2 protein chains.
Amino acid sequence: MSGEFSLIDKYFAHKQQQRKDVVLAQGDDCAIVAPPADSHIAISTDTLVSGTHFLSDADPAWIAHKALASNISDLAAMGASPAWVSMGISLPEVNEPWLERFCSAFFSLADYYGIQLIGGDTTKGPLTITLTVQGTIPHGKALTRGGANSGDWIYVTGFLGDAKAGLDVILENNISADKAFNHELEKRHFKSTPRVLAGIALRDIASAAIDISDGLISDLGHILKRSNVGARIDVDLLPISSELMQFVNSLDIAKQYALTSGEEYELCFTVPEANRGQLETALSNTPFTCIGQITGTGNLDLHSNDQPLDWQLGGYDHFKVSQ
Amino acid sequence: MSGEFSLIDKYFAHKQQQRKDVVLAQGDDCAIVAPPADSHIAISTDTLVSGTHFLSDADPAWIAHKALASNISDLAAMGASPAWVSMGISLPEVNEPWLERFCSAFFSLADYYGIQLIGGDTTKGPLTITLTVQGTIPHGKALTRGGANSGDWIYVTGFLGDAKAGLDVILENNISADKAFNHELEKRHFKSTPRVLAGIALRDIASAAIDISDGLISDLGHILKRSNVGARIDVDLLPISSELMQFVNSLDIAKQYALTSGEEYELCFTVPEANRGQLETALSNTPFTCIGQITGTGNLDLHSNDQPLDWQLGGYDHFKVSQ
């Protein structure tokens with residue numbers, strides 16, 4: 001088998017149309033990009049490790065999708081337009097069919113979002129993928145976690161909880177006899193849709209935003225902490241898919257899945273009362289649901305039928321889980 | 001032990017003075033930076049894997065130094081000024097003394113070069129460190145591999161070969177009885193000095209540049225390929241340290257170490273005849289040596305005492321080595 005350089009040439013280099021703002025892509029010590037005038041750059045890094053974030057026999061196309069989609073979702077949460085991505089990938093061996101499937105899915109998603117792979121590093125080691133994505137955003141328009149105010153309405157995009165049901169299928173917990181149904185849930189775990197257009201549309205509307213990677217409770221908690229506010233969530237409003245209901249067969253469990261499911265890559269965002277009208281037109285192509293309101297309490301309170309709930313739920317944390 | 005978020009807070013977040021061009025560092029979905037007007041951005045990614053790039057019991061301070069220095073060296077090779085770095089790090093466990101030594105060395109080097117850690121990801125997994133560094137460079141001033149012309153002179157900074165001697169010590173090949181001497185060579189393997197000021201000074205002087213990460217022959221080969229030229233190297237001119245001579249105890253072997261030693265992180269660059277005078281003043285604080293000249297042949301020829309040499313030497317390639 002060929003060496004590292006030809007591996008990069010064969011699978012990773014120059015597989016996409018060159019963006020106009022990419023001066024130099026792979027093939028030198030650095031890539032060179034030309035950021036647009038009057039723009040800031042949003043930068044996010046995520047690492048996926050075999051055995052921690054996916055099983056070693058997971059479909060490489062799904063791994064690629066998840067790695068890139070989860071990173072693009074971070075750009076979406078800031079309201080940034082995806083631009084460039086760098087990849088550090090460690091591979092235990094050169095497995096050409098694996099690489100072909102991985103790269104095909106990676107570039108297909110990258111092309112869809114107009115994000116160009118500009119460089120990276122290919123090394124020998126346990127399967128690990130670290131992506132650093134970059135996006136552009138007009139000065140002062142970034143959506144942060146710190147802008148929520150008491151009275152703002154809390155929204156989420158899409159449905160919540162399906163990714164956790166998909167994880168159950170992958171880990172063979174409580175799976176159904178219906179293989180096609182299992183496969184659909186598994187796919188939802190890996191094949192999320194980053195809400196890029198929604199993020200861009202929310203630049204002038206939302207007061208704060210985050211993507212749901214660690215679970216709604218945990219991620220909304222970040223907004224509350226940064227914004228120094230509280231929240232009241234009406235769990236009866238949580239958007240739950242019919243597939244999730246079919247899978248867990250209990251509305252309460254479905255709600256708990258929706259509150260704690262990580263790796264959803266939906267957006268959670270807050271909108272001041274005055275901007276709610278604009279929201280309806282701005283997000284006309286993205287499903288979204290109001291699930292509660294920001295409060296001045298400092299607590300995250302769950303309600304159902306106007307009664308407080310005392311569910312003890314947490315988000316996902318790699319080190320906490322394992323120790 | 002605390003979870004991922006407190007791990008990031010405790011060791012990685014906000015340990016440095018904020019650069020003026022960093023709008024938002026750790027703590028949101030993305031970092032936000034404000035690139036200077038009229039600048040391009042140089043971006044490089046490198047991955048270090050335990051067992052491939054260093055032994056699992058290597059000093060964490062040296063691992064941190066090597067990881068960051070090797071990346072900054074890529075910026076230096078383009079003539080870029082270091083600005084921002086993102087880190088994806090996988091750790092098999094939370095080892096606080098290890099993290100303290102790692103972070104202390106990392107931030108010490110980062111502060112020295114004025115590069116700010118703006119974000120990243122901390123995950124559980126086999127020890128792997130992927131850094132993406134970014135630097136700024138005035139429009140059109142990047143030093144690439146593609147600009148060398150026949151007649152240009154070939155230079156290298158510093159001494160070559162010491163990193164390979166250090167690797168011999170680490171792998172316990174042919175080591176000396178002198179422990180302090182061994183330690184000094186080992187240190188040279190890990191503690192290279194990226195030639196940032198030299199790279200910046202060469203912006204208007206050099207026609208092409210690369211950093212020596214895979215060995216002089218391999219890396220100069222990249223310049224030749226991109227520039228569509230050849231080179232004649234006079235091996236008698238190679239800069240060899242007295243320590244390397246003492247270690248290998250043979251001038252020919254020392255030269256071969258200098259030609260093939262990877263992970264040197266010195267610069268190899270080419271300078272047109274007309275710019276040689278400027279070079280002397282521009283690099284007044286960096287040792288550099290002329291080792292040969294670019295030719296029109298397309299080959300990389302080695303000479304000694306005006307006679308051709310037929311040494312068969314290669315560079316380093318992870319996958320080639322292991323298969």
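Note on naming: letters A, B, ... go to the chains in the order of the sequence lines (proteins, then strands), and numbering restarts at 1 for each one. Fair warning: this is a prediction, and the values are worked out from it, not measured in the lab. Values below: every heavy atom of this structure, side chains too, minus hydrogens, waters and symmetry copies.
Residue Val23(B) touches chain A through its side chain alone, counting heavy-atom pairs closer than 4.5 Å. Looking at Ala209(A), only its backbone comes within 4.5 Å of chain B, counting heavy atoms on both sides. Neither the backbone nor the side chain of Ala80(B) comes within less than 4.5 Å of any heavy atom in chain A.
Taking the side chain as every heavy atom from C-beta outward, Leu24(A) and Met78(B) approach each other to under 4.5 Å. Side-chain contact between Ile89(B) and Thr47(A): absent, with no pair of heavy atoms (C-beta onward) separated by less than 4.5 Å. Side chains of Asp74(A) and Cys30(B) form a contact here, defined as non-hydrogen atoms less than 4.5 Å apart. Residues Thr130(B) and Asp121(A) have side chains not in contact (no heavy-atom distance under 4.5 Å, counting atoms from C-beta outward). Side-chain contact check for Ile32(A) versus Ile41(B): every heavy-atom pair is 4.5 Å or farther apart.
Although no hydrogens or angles enter the test, the distance criterion places no donor-acceptor pair under 3.5 Å between the side chain of Asp29(B) and the main chain of Ala77(A). Checking side-chain atoms of Asp28(B) against main-chain N and O of Thr144(A) turns up no donor-acceptor pair under 3.5 Å. Within the 3.5 Å criterion, the main-chain N or O of Lys124(A) finds a donor-acceptor partner in the side chain of Thr52(B).
Ranked by non-hydrogen atom pairs under 4.5 Å with chain A, the options Lys225(B), Met87(B), Gln134(B) are led by Gln134(B). Interface remark: of the candidates Gly146(B), Ala34(B), Ser73(B), Ala34(B) forms the most heavy-atom pairs closer than 4.5 Å to chain A. Interface remark: of the candidates Gly135(B), Ser39(B), Gly51(B), Gly27(B), Gly27(B) forms the most heavy-atom pairs closer than 4.5 Å to chain A. If you tally non-hydrogen atom pairs under 4.5 Å between each of Asp38(A), Ile210(A), Thr128(A) and chain B, the highest count goes to Ile210(A).
No more than 12 heavy-atom neighbours from other residues, nucleotides or ligands sit within 6.0 angstrom of CG on Asn228(B).
Interatomic distance, CG of Asp46(A) versus OG of Ser86(B), reported as 11.0 Å (0.5 Å rounding).
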